[in-house]
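Read the structure below first, then the notes.
In what follows, every chain begins at residue 1, and chains take the letters A, B, ... in the order their sequences are listed. All values derive from a computational prediction rather than experimental measurement.
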2 protein chains.
Amino acid sequence: MTLEVTAGPSAGDSAVAVGALLAARNIALIGASDRVAWSSGLYRNLRASPGLGRLWLVNPVSGTAHGEPTVSSVDAIDEDIDLACVVVGAGRVVDVLHAVAGRGIPAAIVIASGFAEAGEEGAERSAAVQDLARAHGLTILGPNTAGMVNVAGGIWPLATMMSPPASTGPLVIAAQSGGVASQLLRLSQARGIGARAVYGVGNELVVSAVDVVRHHLRDDQTRVIALYLEGIRDPQAFADVAVEAAQAGKPLVVMKVGRSARGGEMVMSHTGAMVGDDQVVDVALRQLGVIRVGTLEDLVTTAGLLAHGPALAGLARPGRGSGPGPSRGIAVVSGSGAGCTMAADRAAAAGLELADFAPGTVAALAALLPAGTEVHNPLDATGAVLGDLQLSARAVAAVAADPNVDAVLCQSMISERFGADLEPLMAERARATAEAVAGSAVPVVLETDIATDVSPELHAVLARAGLYVSRGIDQTIDAMSAAAWWAETAPGVRHPGLPPARPPAGPGRAQAVPMMQLESLEFLRRSGVPVLPSVLATDAAAAVAAARSVGYPVAVKVEADGVTHKSDIGGVALGLSGDGQVAAAFERIIAGAAASVDRQAIRGVLVVPMLQRGTELVVSVSDAAPWGTMLTVGLGGIWVELLNDVVHRLLPVTHTDVLAMLHGLRGRSLLTGGRGRKPANLDRVAQAIIAVTAAAAELGPRLHNIEINPLLAGDEQATVLDALILVRDA
Amino acid sequence: MTLEVTAGPSAGDSAVAVGALLAARNIALIGASDRVAWSSGLYRNLRASPGLGRLWLVNPVSGTAHGEPTVSSVDAIDEDIDLACVVVGAGRVVDVLHAVAGRGIPAAIVIASGFAEAGEEGAERSAAVQDLARAHGLTILGPNTAGMVNVAGGIWPLATMMSPPASTGPLVIAAQSGGVASQLLRLSQARGIGARAVYGVGNELVVSAVDVVRHHLRDDQTRVIALYLEGIRDPQAFADVAVEAAQAGKPLVVMKVGRSARGGEMVMSHTGAMVGDDQVVDVALRQLGVIRVGTLEDLVTTAGLLAHGPALAGLARPGRGSGPGPSRGIAVVSGSGAGCTMAADRAAAAGLELADFAPGTVAALAALLPAGTEVHNPLDATGAVLGDLQLSARAVAAVAADPNVDAVLCQSMISERFGADLEPLMAERARATAEAVAGSAVPVVLETDIATDVSPELHAVLARAGLYVSRGIDQTIDAMSAAAWWAETAPGVRHPGLPPARPPAGPGRAQAVPMMQLESLEFLRRSGVPVLPSVLATDAAAAVAAARSVGYPVAVKVEADGVTHKSDIGGVALGLSGDGQVAAAFERIIAGAAASVDRQAIRGVLVVPMLQRGTELVVSVSDAAPWGTMLTVGLGGIWVELLNDVVHRLLPVTHTDVLAMLHGLRGRSLLTGGRGRKPANLDRVAQAIIAVTAAAAELGPRLHNIEINPLLAGDEQATVLDALILVRDA
């Protein structure tokens with residue numbers, strides 16, 4: 001799914017390139033024909049575009065298309081053309097683009113597929129298109145796209161069927177699929193979310209999703225950008241715009257698909273299975289402050305709340321330590337007990353705390369609501385709110401004034417569908433709600449309990465009152481949680497400084513090979529990693545001497561070229577407490593190893609002291625190209641595969657980052673003590689882990705994977721007992 | 001959230017009771033008033049009801065309401081009245097119902113709240129309503145409801161604003177919230193799902209959700225029942241209808257809220273934290289073949305697919321063992337690569353396998369689709385399907401004929417919104433699709449990638465072709481997975497034979513107390529549980545003698561009244577390998593215990609042999625009233641709290657059930673061997689667990705909890721090392 005890394009001609013100048021697409025008013029539809037479905041779609045949508053200047057249909061053969069006369073070529077057009085919409089087949093695209101560039105048209109949209117997906121021929125066409133764009137400064141959207149919709153400009157060069165967009169707003173959408181681009185437009189419009197522009201970036205031969213982001217980060221009217229991505233072909237450029245977005249306070253919301261795809265090469269170790277390509281992307285997006293969602297509906301709901309809803313900074317969430325006393329958190333106000341229960345369930349699942357109401361709030365609400373109403377959070381303001389226009393607004397105001405409440409989630413009291421006779425009532429409700437929202441000291445999010453489309457009559461009422469009502473209680477609460485995470489995360493986002501792209505592993509690249517264990521441990525020791533003392537012994541007498549020198553009890557392990565899982569060939573003896581046991585273990589291990597591997601490969605045995613106390617951790621530092629280097633920390637020993645209790649972070653990391661990672665383990669209680677266990681010395685553990693990352697940095701591009709398993713986290717020391725280093729000749 | 005158990009008057013006769021509500025045509029609205037919002041809503045909806053016979057407005061004071069004359073009481077009406085809709089306040093409900101019953105009206109809907117939620121006064125009112133219903137055979141829906149909608153009958157006695165239902169169909173909805181009932185109707189209609197009837201059952205004083213289910217299981221036109229539940233107040237009755245539903249092949253889909261509520265009393269042991277009230281409900285619903293969903297959207301999508309989609313029996317799913325060779329599974333056909341990728345991602349997450357296409361299928365598709373199309377599953381039939389009416393249908397037919405394909409998920413090629421000019425084209429596409437679906441050897445599910453409402457023009461086209469298109473790719477795939485689970489599960493559902501309801505734990509019920517450990521182990525041994533031999537020693541010399549008799553190495557543990565966590569008071573010494581160590585441990589443990597507990601309570605120490613080999617399991621059998629008794633099996637030792645890797649099942653269980661539970665653990669690889677570990681003797685483990693359930697049965701109503709931790713699962717034997725039994729004087 002990862003595309004090859006290619007630098008388009010627009011690199012560094014994408015703002016201008018995307019601007020050329022948005023500035024277009026006078027358009028040539030090239031390849032216009034009644035027999036081409038894309039042509040019909042584009043013609044229909046362009047003719048319906050309120051912002052259209054001139055439209056020319058170009059066809060060298062037929063004299064008419066779509067009931068209009070055609071011209072034979074763009075050269076036959078005298079006026080300025082801003083944009084060429086090209087619907088010819090893939091085989092004719094390069095010739096047509098030559099004509100477009102020659103005519104001085106600044107931008108083109110190319111619909112045809114048959115480029116990246118069409119083998120060698122497609123690759124040649126792709127290269128020709130890029131060369132042409134570079135040579136002429138031609139902006140190209142596609143190929144393999146359905147086009148775009150410039151909502152704000154009223155120009156809709158889209159090849160699929162669409163309804164006229166109902167509302168302009170601060171959302172920008174880009175998708176690496178034309179179909180998804182148009183579906184996202186439809187879904188966001190159906191949900192009452194106004195958009196500025198929607199781009200199907202297709203194969204991204206010239207204009208990429210990253211270019212779209214860069215352009216709109218500098219556009220004052222854009223508040224949030226939603227992306228549908230199948231691959232991120234230039235992580236460095238993506239990281240650049242993600243950091244810029246975080247600093248600009250404009251959230252990126254991303255649906256990155258391909259979770260189930262089998263990633264590229266897996267690393268040759270236990271942790272390999274923990275770090276699939278998709279997980280690397282997941283970690284990278286999180287560190288870059290990008291909100292990742294799992295469905296198109298969540299993409300639109302989350303982006304909609306960020307675009308139209310209030311800022312949700314500073315919501316109390318677990319792990320942010322609210323201390324003793326009443327809980328801070330959100331408040332829920334609903335007209336039904338069911339809405340309250342559903343909200344409480346989802347808030348708990350989404351990691352949003354519910355506030356405890358202060359006594360003053362309880363008193364104020366009790367005075368306001370019908371006698372007998374139970375006053376607590378979530379607040380069921382009862383059906384009475386439907387009978388009393390102002391009641392809901394007053395209840396929201398009372399709740400919003402509570403010192404424990406960070407934000408209010410309020411079920412909208414405006415009916416979803418109503419006849420013209422009820423329009424004045426609904427408008428009055430909308431005005432009362434808008435006043436309550438405007439007067440609130442804390443953010444107020446309005447929602448409906450079900451995720452249906454916004455009816456036209458409701459849309460009109462809400463638009464007049466300036467209200468946004470998010471659709472679906474569960475989706476809204478998930479979006480609030482994501483928005484709260486973003487508000488916490490964005491200010492601290494820093495550029496991970498990704499290394500230059502390396503060629504992906506494959507036939508053209510050297511295989512990773514294991515370093516010998518003794519060599520590995522020595523290498524780590526030189527980098528400051530606390531490694532258990534170990535002595536290589538080549539005969540039984542030397543093994544006994546070594547055991548006496550490191551101190552009983554000891555473990556004895558075979559040291560042989562190419563053997564990474566020593567226990568599989570009977571190469572490990574543990575808990576030896578006397579000379580005789582050590583001598584016998586030496587003979588048994590060497591004889592056993594000789595039955596499995598070439599005798600030349602056997603270098604002897606390592607004798608190491610047994611450490612009994614501590615929690616076994618696994619620490620892994622892996623090449624996670626193209627995203628850099630990934631640190632993984634988790635519970636180790638035999639639990640690695642069973643529990644998969646691991647946390648990841650792209651390098652570089654600080655001591656504080658590593659401590660946060662350790663506290664992020666489900667099994668952190670094994671490290672923090674209790675039930676008769678002493679707490680581990682986490683500072684020492686973190687120092688050891690930082691030293692491992694330093695060792696990884698020393699390996700440079702040779703690094704494939706350093707896996708420490710276990711790192712024994714004791715109450716005083718942290719000690720590496722075993723390590724496997726896989727390197728690759730650059 | 002669990003309501004008190006009360007038997008309404010309709011028990012055993014609910015079919016008649018619900019039938020009375022559905023038969024109503026001539027209706028009296030009692031309490032009709034322009035100043036009562038509920039009255040306005042009911043009046044509006046009843047007047048709009050196409051199936052309405054006569055409507056009388058009853059008000060003893062005002063002469064008009066809603067622009068019509070009123071009558072002063074039901075006694076002033078000469079004709080037969082089928083149903084009274086009562087909108088008076090809670091305080092007047094009982095009097096009004098007396099008049100209703102006296103007048104011979106068979107059914108009433110009571111909107112008012114102020115019953116269960118209103119303390120002692122409310123409880124008195126509730127009892128009066130139930131007495132009255134019982135005495136007069138009066139069917140009552142509510143109180144505390146918005147009413148119901150009889151879609152098929154065209155009678156809409158609903159107090160909230162509603163749009164006229166667009167379509168009748170095989171779905172029945174019941175909700176313990178009037179607001180949710182009407183929202184579910186709106187959502188299902190917006191999704192193109194036809195309903196028979198929707199009930200807000202409110203407080204269920206007379207007619208309950210269970211009564212609605214029982215009625216509609218016997219109604220030929222009902223195919224699926226969707227329930228929104230806040231509590232299940234009569235588990236025995238619920239289990240009865242759930243088993244009846246499974247046998248009748250009519251799925252129940254349930255959204256049960258209150259997951260985040262703090263459950264009742266937690267049992268006094270480690271496993272307590274694993275078995276909250278909501279988890280018991282979860283386990284019970286699963287065993288009863290009930291599909292549980294988490295959101296209103298999933299409730300409607302799942303019920304919609306089951307109501308209108310094809311039967312999905314026999315889909316390949318992980319753990320069903322497809323064996324070597326090509327994978328069986330579903331096929332995905334889409335017009336876009338993005339749809340394919342999203343479907344593959346979600347199918348993997350939802351546990352649906354994708355089939356490998358057979359070579360014949362690949363050849364057939366390659367011949368059919370444009371040159372260069374990549375043919376694999378999921379199948380991107382490309383944008384070409386939009387240009388060629390029959391192509392999509394033929395591609396579906398080719399895929400459906402594949403021997404590896406169990407079912408086809410197909411993106412609908414019918415546009416979502418279109419003008420009148422395109423209606424013939426869309427109708428033709430719908431006909432072609434319907435032919436392909438009808439001619440398919442396997443089930444075909446149609447979907448759209450986004451979960452928007454069905455436009456009226458699309459609804460008309462689909463209805464004429466007899467097609468159902470499920471909304472939203474992720475929601476549809478989740479629904480398919482649930483339907484496949486149901487098809488596998490329903491035939492095997494058996495009644496758990498719940499015990500008679502016991503009073504919930506609380507002030508009125510005896511506290512659970514621990515049995516002494518020696519007593520516990522003896523009790524288990526007598527029930528056939530394989531318990532490690534242990535000897536009680538009251539002095540050091542006896543402890544040494546005991547250690548010699550059971551064999552070194554041994555463990556020594558304090559035995560003292562009221563001490564359940566022995567290690568917390570230093571009461572455990574492990575791995576003692578000589579007489580001196582045992583004697584010293586005895587003295588140390590007794591001295592340590594004396595510092596923590598009354599010396600009178602200390603009975604001595606237990607001496608037990610140390611078993612080194614095996615996997616530690618936890619086995620717990622708990623009182624899970626009102627749902628019966630719950631067996632929990634999981635990874636034990638210190639991992640219980642850390643991993644929470646447990647599976648639950650309500651008793652009774654068979655040997656096969658227990659083996660399935662063990663295989664359901666995430667950590668099952670610890671039991672099945674590999675990496676130098678021998679497999680555990682799972683038959684012995686299952687026998688031991690069955691014996692523990694037998695011991696629990698012997699305790700009868702005294703059982704609070706038996707917790708075995710650990711049960712050591714060795715390669716030959718399964719042995720109980722430690723047990724805690726909590727009993728309650730009945």
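- Under the salt bridge (charged side-chain N to carboxylate O under 4.0 Å, His left out) criterion, B:Asp478 pairs with B:Arg346, sequence neighbours left out.
- B:Ser415 touches chain A through its side chain: at least one heavy atom from C-beta onward sits under 4.5 Å away, while N, CA, C and O do not.
- Both the backbone and the side chain of B:Ala451 have a heavy atom closer than 4.5 Å to some heavy atom of chain A.
- In this structure, no portion of B:Arg35 lies under 4.5 Å from any heavy atom of chain A.
- Within the 4.5 angstrom heavy-atom criterion, only side-chain atoms of B:Asp474, from C-beta onward, approach chain A.
- Both the backbone and the side chain of B:Thr452 come within contact range of chain A, each with at least one heavy atom under 4.5 Å from a heavy atom of that chain.
- Residues A:Glu297 and B:Glu297 are not in side-chain contact: their nearest non-hydrogen atoms beyond the backbone lie 4.5 Å or more apart.
- Both the backbone and the side chain of A:Ala338 have a heavy atom closer than 4.5 Å to some heavy atom of chain B.
- Neither the backbone nor the side chain of B:Gln189 has a heavy atom closer than 4.5 Å to any heavy atom of chain A.
- Per-residue counts of heavy-atom pairs under 4.5 Å with chain B were compared for A:Ile450, A:Asp449, A:Thr448, A:Leu187; the largest is that of A:Ile450.
- Every residue meeting the side-chain hydrogen bond (donor to acceptor under 3.5 Å, both in side chains) condition with A:Arg191, not counting sequence neighbours, appears here in chain and number order: A:Asp453.
- In terms of heavy-atom pairs under 4.5 Å with chain A, the best-connected choice from B:Gly179, B:Ala190, B:Gly667 is B:Gly667.
- For a residue to count as touching a neighbouring chain, one of its non-hydrogen atoms must lie under 4.5 Å from one of that chain's; by this rule B:Asp421 touches chain A with the side chain only.
- The pair B:Lys256-A:Asp345 does not count as a salt bridge, with every side-chain nitrogen at least 4.0 angstrom from each carboxylate oxygen.
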Next on the checklist: Using side-chain contact (heavy atoms from CB on, under 4.5 Å), reason through B:Met342 and A:Thr295 one step at a time and then give a plain yes or no.
Outcome noted: CA-CA 8 Å; B:Met342 289 188 286; A:Thr295 69; over 6 Å; no
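- Heavy atoms closer than 4.5 Å to chain A are found nowhere in B:Met162, neither backbone nor side chain.
- Across all their heavy atoms, A:Thr341 and B:Glu230 have their closest contact at OG1-OE2, 4.5 Å.
- For B:Leu422, the part lying near chain A is the side chain, with the backbone staying farther off; criterion is any non-hydrogen pair under 4.5 Å.
- Both the backbone and the side chain of B:Gln183 come within less than 4.5 Å of a heavy atom in chain A.
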